[in-house]
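The model shown is predicted, which means the values in this text are computed figures rather than measured ones. Keep in mind that the numbers below use all heavy atoms, side chains included, and drop hydrogens, waters and symmetry copies. As the structure lists them, so they are numbered: ligands from 1, and atoms in each ligand from 1.
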Amino acid sequence: MAIVTFSSPLMHKDKAVYAIAGDTRTALALAEEHKIPIPFECRDGNCASCLIEVTYDNPERKKAIMLTEKEKLTLKELGKLTQQDIEDAEVRDMPPRYRLACQFIARDEDVTITFTGTPGGS
Ligand code: FES
């Protein structure tokens, strides 16, 4: 089970929710279920409205990172992901700082998700 903590200037305090092991819901779906106002439009990795910053509570515990081609392309176009970030993620299991909430799935690692509330801002 993962604890996902959402933090934003839009919320008067941080909110921690549980993602059950094997849960394949995205961070955006989890946020919506708990009425956490992450902006979104396409839900498909194309518009970047749902840009989030993800920090791992235990960065030493490395897990394979899954980035879809769509997410890589969108984050690269935004200037939020470099080729080095992709290589670090795919070869060294080092998670990139920025993700798309509609693509990111928290597995069994505890994370903090930060968003500004401005579409495409993080
Ligand atoms: Fe469009 Fe996530 S909602 S990229």
Side-chain angles (χ1 to χ4, degrees):
M1 185 175 327
I3 299 173
V4 180
T5 303
F6 291 93
S7 181
S8 170
L10 290 184
M11 300 160 54
H12 51 264
K13 63 178 186 174
D14 293 353
K15 184 164 189 173
V17 303
Y18 293 101
I20 297 155
D23 195 338
T24 55
R25 281 177 302 170
T26 64
L28 182 59
L30 206 56
E32 285 186 283
E33 183 186 322
H34 294 277
K35 303 194 181 340
I36 294 161
I38 296 179
F40 66 90
E41 283 177 34
C42 71
R43 295 176 177 274
D44 195 30
N46 293 315
C47 73
S49 298
C50 65
L51 183 70
I52 53 174
E53 187 170 346
V54 180
T55 52
Y56 288 72
D57 297 1
N58 182 0
E60 304 306 312
R61 195 165 159 241
K62 292 184 176 175
K63 288 276 193 165
I65 307 296
M66 274 291 300
L67 288 161
T68 62
E69 291 305 314
K70 220 181 272 188
E71 184 175 21
K72 285 185 221 173
L73 185 64
T74 301
L75 289 172
K76 275 171 86 172
E77 283 174 358
L78 263 186
K80 298 290 187 183
L81 189 74
T82 64
Q83 196 56 42
Q84 183 65 53
D85 293 330
I86 293 171
E87 197 181 310
D88 285 345
E90 294 179 342
V91 178
R92 290 177 272 286
D93 296 339
M94 292 167 58
R97 180 173 171 189
Y98 295 102
R99 299 294 305 266
L100 297 174
C102 69
Q103 304 292 298
F104 175 70
I105 296 171
R107 291 167 308 171
D108 59 348
E109 45 287 94
D110 295 346
V111 295
T112 299
I113 291 176
T114 309
F115 61 100
T116 61
T118 303
S122 177

Item checked: Option with minimal heavy-atom separation from atom 3 (S) of ligand 1, where the choices are Gln103, Arg43, Arg99 -> Arg43
Next item on the list: Specify whether an N/O/S atom of Cys50 falls short of 2.8 Å from atom 2 (Fe) of ligand 1.
Entry: yes
Margin query: I need the atoms of ligand 1 closer than 4.0 Å to a non-hydrogen atom of Gly45, numbered in the order shown.
Written below: 4 (S)
Item checked: Close-contact set for ligand 1 against Ala48 heavy atoms, below 4.0 Å -> 1 (Fe), 4 (S)
Checklist line | Same cluster (ILVMFWY, side-chain, under 4.5 Å), Ile105 and Leu67 | finding: no
Checklist line | Numbered atoms and elements of ligand 1 in range of Glu41, under 4.0 angstrom, heavy atoms | finding: 3 (S)
Margin query: Please check: side-chain N/O of Asp110 versus main-chain N/O of Ile3, any donor-acceptor pairing under 3.5 Å?
Written below: yes
Margin query: Checking the side chain of Asp88 only, and the main-chain atoms of Asp85 only, is there a donor and an acceptor separated by less than 3.5 Å?
Written below: no
Note to self: Show the atoms of ligand 1 that are less than 4.0 angstrom away from any heavy atom in Cys47.
What the structure shows: 1 (Fe), 3 (S), 4 (S)
Next item on the list: Kindly say whether Gly45 contributes a backbone atom to a donor-acceptor pair with the side chain of Thr74 at under 3.5 angstrom?
Entry: yes
Note to self: So if I apply the side chain to side chain contact (heavy atoms under 4.5 Å, CB included) rule between Ile38 and each of Cys102, Cys50, Ser8, which one comes out positive?
What the structure shows: Cys50
Notebook entry, point to check: Which distance, rounded to the nearest 0.5 Å, do you find between the CG of Leu10 and the CD1 of Ile36?
Noted result: 11.5 Å
Next item on the list: Specify whether an N/O/S atom of Cys42 falls short of 2.8 Å from atom 2 (Fe) of ligand 1.
Entry: no
